[in-house]
Amino acid sequence: MNKPGKKKKNGNGFGRGNPQNIKKLLLKKQVIDIFYKEGMKTISELCEVTNNSIPSITNIMNELSAEGLVKNFGIGKSKGGRKPAIYGLSPDASMIVSIEISRKFSRIAIFNLHNEQIGKILEIPFGLENTENILSILKKESDTLLNTNKIRKSSLLGYGITIPGLIDIKKGISYSYPQFGDRPISETFEELFGLNSFIEHDTKAMAMGEAWFGYARDKSNVLFINIGSGIGLGIFINGELYHGNSGFSGEFGHIQMNPEGELCYCGKIGCLETIASGTALVKKSQMKIKNGKSSIISKIVEGDIEKINLKTIIDAANNGDLFAIELIEEAGEYLAKGISILIHLFNPEAIIIGGEIAEAGNLITDPIRQKLNKYTMLRLKQDTRIVQSELKEKAGLMGTIPMVVNKTIAQNYENLNLLARPFPES
Ligand SMILES: [Zn+2]
């Protein structure tokens with residue numbers, strides 16, 4: 001694979017305008033795409049799928065092998081006669097660093113071209129709202145993770161970064177975090193890391209992860225609800241991630257649930273986030289415990305209620321703590337009210353409940369399912385499955401891999417974008 005870097009003005013040596021060369025270029029991109037999405041193939045399988053001759057596919061395999069991107073994985077199954085050689089993307093030809101930046105913490109992971117995680121996920125207690133040095137912290141920590149796993153920077157394809165809040169996909173800027181300034185966020189990270197960096201909204205990246213590697217694989221009309229400190233929505237319509245006009249689609253957490261409710265940080269009153277988000281649950285538990293409510297949450301945080309976070313509440317609930325179970329149940333009931341609106345609008349085949357809350361499993365999905373009976377037209381409800389995220393904490397991190405792979409290969413191959421799932425122009 002070509003080393004990542006600035007887009008080459010003159011392409012990659014095939015030259016422009018020559019139909020023969022463009023055809024070859026497209027075929028190369030198509031083969032990479034097939035390997036990435038479907039895994040290993042024999043030359044005759046590739047001939048069949050791409051409708052090309054054995055000599056032209058063999059020639060492409062030789063070139064991609066010379067570039068180090070494709071590898072012969074040995075002998076495949078024979079359909080009669082000699083057993084054929086089987087080819088695929090060389091997993092370690094390039095690595096992707098994936099960074100999920102949240103409000104109060106961040107997580108970093110490394111993946112290879114087979115989407116396999118290298119080493120552990122590194123979680124750091126710094127996010128967009130509790131430090132001024134998030135950029136230098138991320139640089140230091142991701143370099144440490146690379147060193148720990150003995151991965152050289154020269155073998156990286158690029159960085160995929162997810163951030164919360166409002167991101168304008170046309171301008172590539174954040175409206176929620178002024179510390180990024182008014183230049184494209186990806187440029188800031190490219191300068192930081194010295195490599196291709198791509199930005200996606202956190203919930204949309206999670207939805208993308210589920211669509212490529214999780215429950216929404218092979219499904220077309222699916223909604224993904226991310227419940228962490230906030231509440232976001234990823235929308236897949238006809239197999240495509242919907243961004244909205246400017247990239248602001250899916251602000252599900254800011255629909256009004258209670259006109260008499262609390263002031264939300266967005267400036268409105270009684271948003272779903274003020275009732276059913278992780279932040280709301282933490283606030284509610286702190287207040288009730290302070291007023292004498294008994295719960296093992298107090299024991300988990302050793303009496304310091306400031307230490308309570310969503311994970312504490314979920315851990316307590318998973319350990320049978322009635323107070324924690326009821327908190328989550330109550331959130332589920334309000335979520336159901338919001339979700340019923342989504343079902344009536346989108347008629348999705350499934351709604352995936354993900355984000356930090358996914359660890360609560362049935363404790364969150366059961367009350368949602370139950371209350372949907374109350375709010376949703378029967379025929380529509382019957383059509384929609386409420387399921388838990390398959391990838392759980394990995395959804396967002398994994399969701400950036402296809403984005404980095406696609407966009408970097410697209411850049412290296414003159415922006416010829418052939419992948420079926422579309423990507424935002426961030
Ligand atoms: Zn709000």
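Both counts, for ligands and for their atoms, begin at 1 and track the order of listing. Start at 1 with the first residue, then count along the sequence.
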Quiz prompt | Note: Lys140-Asp143 ion pair, threshold 4.0 Å (strictly below) | solution = no
Self-check item: Contacts of Lys307 that satisfy salt bridge (Lys or Arg N to Asp or Glu O under 4.0 Å) - sequence neighbours left out
Solution: Glu302
Practice problem: Under the salt bridge (Lys or Arg N to Asp or Glu O under 4.0 Å) rule, collect the residues that match up with Glu359, sequence neighbours excluded. | Solution: none
Quiz item: Is it true that the side chains of Asn309 and Thr312 contain a donor and an acceptor less than 3.5 Å apart?
Solution: yes
Self-check item: For the Zn ion (ligand 1), every protein N/O/S atom that sits closer than 2.8 Å, waters excluded
Solution: His254 ND1, Cys264 SG, Cys266 SG, Cys271 SG
Self-check item: Set of residues satisfying ring pair (Phe, Tyr, Trp, His ring centres under 6.0 Å) with respect to Tyr265, sequence neighbours excluded
Solution: His254
Exercise. For the pair Tyr175 and Phe248, name the ring-plane relationship: parallel under 30°, tilted 30 to 60°, perpendicular over 60°.
Key: perpendicular
